[in-house]
Amino acid sequence: SAAAARISTKLTTSASTRLVVSEALKAGAPKSVLAIPYAGPLSLDNHNGAGSKDLARSPGAIIGQVGATRRISVLDPYLTCEEMEGLAYRIKMLGKNESLNSILLANNVERASADMVLPVSALEVERENVSILEDETSPGYDKVWYALGGYDARALHDATSEEKRATLEAITTLAVSVKGGAPSKNPESEEDDSYNSKIPFISIPHGLITDGGYALAMGSYVLATSDSRFRIENPLRGLALDPIGLSYFLPRLGWEFDQPSADYPVGSILALTGYEADASDMVETGLATHFIDSFAKLGSLERALAQLDPYGQQRLHTEIPTFHGAKIKSGVKKVDVNMKYRNVAVASLLDSVSTYNAGGQEVGDVNYLSKVQMNEDPSLVLDADKTQMSRERESMLVNIAATFQDVFEGESSMEGILECMKEFAAKEALDEEELEFVDTAKDMVNRIEAQSPLAVQTVYRLMEMGKKKSATLEECMEREKKVQLKLMGGEDYMNWAKSGVNAGEFEGWKHKSVADVSSDEVEELLAEE
């Protein structure tokens, strides 16, 4: 991307950085770590070498140090297999580093100055809080950035089966690293290969997330901005769900925060229709944990994270020292008396900069804050601090799911769902409310019929298998990988990839409708190898 090209020309590799990389490789780190450069401490003064046009040095993401946090800047929505592997390894290692307090990931938006860091002071925040036509962090009216897309599906059409498999395995590994935990692959082994991160992972997707791009939003916290979006696009490419566990957590949306959305088929609508969830939808379903009403606040957040104590120094109780000569019990695991206090400061900070969170908690008394601001000297209240929140919170996705709940939960097949939606779409509207109902049904029918019938039927089956009580995240990931690999060698995907048209514009699918897809075809995709 243009942003990646401009920023990559400003990266400098110091002797100390080269030494660290060399030592890491000696210690067993994969060579893929070289695909994700370390930019060193980030500040507005450390950019050198502007004017170079070496596009070969354009990474998909970079990592920089900001105090006790590590900032991952995603420069391209699509990452290569090597970049996903390298980023996964780096995140896993950072998650064990007690000298950090957080890992902060955000997509880099186009900015005239090409700075890759967020604003560094309240004054700079104030300067950036301008209209959408002047705001350099905005792509323009009624548009959003493409933030996270996983891998480039079209670029894989001429890859070998081994290369496709490696890419799918890389995005699974990335999702596990961001999520921060994985059980042991061999519980009976004496060597513990389980993974549990100590450091919270914070994602700030300022734009659209599609498919496997959500792997980078599976961490501890996801802060949605007004431009945040989420959409499943793969069925428009002849593909199913990327192997990051979508068939597991989409049927369980709303469960983690005990939200009203847990009672409705929001995940099925996202998976089967390609509905684009906005920021409100994401927070009200748990796809995001917090909502920030102003992108300009992110500068203050980054600055505050940089100054918080690292994980290892977050304590309230002083640990009892072990004196020379004291008896030490062997085989007894040391108890961390400060465990319950660690990461609390990060969680509190995120609540303080957010308008509200997925748990339904609004930050502060809005009416009280508004009155205080009205009585303040206007010169002392920055635009970024003004309350822009209404107490009324609504999600169009949840409303749609509630309206069509009987269809998506009552019908036992994809054909049945589509036929019911067609019946609703054909109704004659007698008032505005019915017109909205009919128009929504038409839109969903059009979305479903624009997708590959085979891919939609496969996604439906994946969702049905993933929502079972006995299902596990690991099993769903493995099943998604096997199905996706088979579809990548299929007619629909190959024809779409070679056509050159964008997702949503291709019409030459193998089957004319979901009814034409036989159960044997789907079962073959789901069959164990």
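- Not counting sequence neighbours, Glu82 has no partner by the side chain to side chain donor-acceptor pair (under 3.5 Å) test.
- Looking at Thr210 and Tyr146, their side chains do bring a donor and an acceptor atom within 3.5 Å of each other.
- Taking CD1 of Ile244 as the reference point, atom CE of Met477 lies at 7.0 Å (rounded to 0.5 Å).
- We find the OG-OH distance between Ser280 and Tyr356 to be 4.0 Å, quoted to the nearest 0.5 Å.
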(Q) Test side-chain contact (heavy atoms from CB on, under 4.5 Å) on Met444 and Leu272; report intermediate values, then the result. (A) CA-CA 9 Å; Met444 296 176 76; Leu272 300 174; over 6 Å; no
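- To the nearest 0.5 angstrom, Asn196 atom CG is 9.5 Å from Lys179 atom NZ.
- Although no hydrogens or angles enter the test, the distance criterion places a donor-acceptor pair under 3.5 Å between the side chain of Asn101 and the main chain of Leu308.
- Within a 6.0 Å sphere centred on CE of Met396, other residues, nucleotides and ligands contribute 12 heavy atoms or fewer.
- Looking only at distances, a side-chain donor or acceptor of Ser352 sits under 3.5 Å from a matching main-chain atom of Leu349.
- Rounding to the nearest 0.5 angstrom, the gap separating the CG atom in Leu241 from the SG atom in Cys476 is 9.5 Å.
- Scanning for side chain to side chain donor-acceptor pair (under 3.5 Å) contacts around Ser99 gives Asn97, with sequence neighbours left out.
- Between the SG atom of Cys81 and the CG atom of Leu174 there is a distance of 11.0 Å, given to the nearest 0.5 Å.
- Among pairs with a residue in residues 243-270, none fulfils salt bridge (Lys or Arg N to Asp or Glu O under 4.0 Å), at least two apart in sequence or across chains.
- Between Val222 and Leu287 the shortest side-chain heavy-atom distance does not fall below 4.5 Å.
- Between Met463 and Phe408 the shortest side-chain heavy-atom distance does not fall below 4.5 Å.
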Show your working on side-chain contact (heavy atoms from CB on, under 4.5 Å) between Tyr311 and Val346 and close with a plain yes or no.
CA-CA 10 Å; Tyr311 179 92; Val346 173; over 6 Å; no
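- The closest side-chain heavy-atom distance from Thr285 to Leu270 is not below 4.5 Å.
- The 12-atom threshold is not exceeded at CD of Glu436, counting heavy atoms of other residues, nucleotides or ligands nearer than 6.0 Å.
- Side chain of Asn446 to backbone of Lys442: a donor-acceptor contact under 3.5 angstrom is found.
- Checked by atom type and distance alone, the side chain of Thr225 never pairs as donor or acceptor with a backbone atom of His206 at under 3.5 Å.
- With a 4.5 Å cut-off on side-chain heavy atoms, Phe506 and Leu236 do not count as touching.
- Although no hydrogens or angles enter the test, the distance criterion places no donor-acceptor pair under 3.5 Å between the side chain of Arg237 and the main chain of Ala153.
- One finds a salt bridge joining Lys422 and Glu449 here, because a Lys/Arg side-chain nitrogen approaches an Asp/Glu carboxylate oxygen to under 4.0 Å.
- By the 4.5 Å heavy-atom criterion applied to side chains, Leu487 and Asn234 are not counted as neighbours.
- Looking at Ile91 and Ile72, their side chains come closer than 4.5 Å, going by heavy atoms from C-beta outward.
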*Would Ile448 and Met414 count as a side-chain contact (heavy atoms from CB on, under 4.5 Å) if you check the C-alpha gap in whole Å, the side-chain angles of each, and the deciding distance to 0.1 Å?*
CA-CA 10 Å; Ile448 294 173; Met414 189 63 223; 3.9 Å; yes
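- For Arg154 and Trp496, the positive end sits near the middle of the six-membered ring, less than 6.0 Å away and at most 45° from its axis.
- Residues Pro243 and Ile171 have side chains in contact (heavy-atom distance under 4.5 Å, counting atoms from C-beta outward).
- Using a 4.5 Å cut-off on side-chain heavy atoms (C-beta onward), Pro235 and Val459 make contact.
- A donor-acceptor contact shorter than 3.5 Å is absent between the side chain of Glu83 and the backbone of Pro59.
- Residue Ala170 comes nearest to Met84 through the heavy atom pair CB-CB, 3.9 Å, listed as atom of the first residue, atom of the second, then distance.
- Nearest heavy atom pair, residue Ala240 against residue Thr458, reads CB-CG2, 4.3 Å.
- For the atom pair OG1 of Thr273 and CE of Met421, the computed distance is 8.5 Å after rounding to the nearest 0.5 Å.
- Under the 3.5 Å distance criterion, with hydrogens and angles disregarded, no donor-acceptor pair is assigned to the side chains of Glu302 and Thr69.
- Between Phe437 and Phe424, the angle of the ring planes goes over 60°, which puts this pair in the perpendicular group of the 30/60° scheme.
- In this structure, Ser354 contributes its side chain and Asn357 its backbone to no donor-acceptor pair below 3.5 Å.
- The closest donor-acceptor contact from the side chain of Ser220 to the backbone of Pro200 lies at 3.5 Å or more, if one exists at all.
- No donor-acceptor distance shorter than 3.5 angstrom exists from the side chain of Glu233 to the backbone of Gly504, with no hydrogens or angles considered.
- Under the 3.5 Å distance criterion, the side-chain polar atoms of Gln484 are left unmatched by any main-chain donor or acceptor of Leu239.
- A donor-acceptor pair shorter than 3.5 Å can be found between the side chains of Gln405 and Glu409.
- Using modelled atom types and a 3.5 Å distance limit, the side chains of Tyr151 and Asp242 yield a donor-acceptor pair.
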Practice prompt. Check step by step if side-chain contact (heavy atoms from CB on, under 4.5 Å) holds for Arg70 and Ile199.
Written response: CA-CA 10 Å; Arg70 290 296 180 271; Ile199 310 303; over 6 Å; no
List the steps and the verdict of side chain to side chain donor-acceptor pair (under 3.5 Å) for Asp281 and Ser395. CA-CA 5 Å; Asp281 297 327; Ser395 163; 2.6 Å; yes
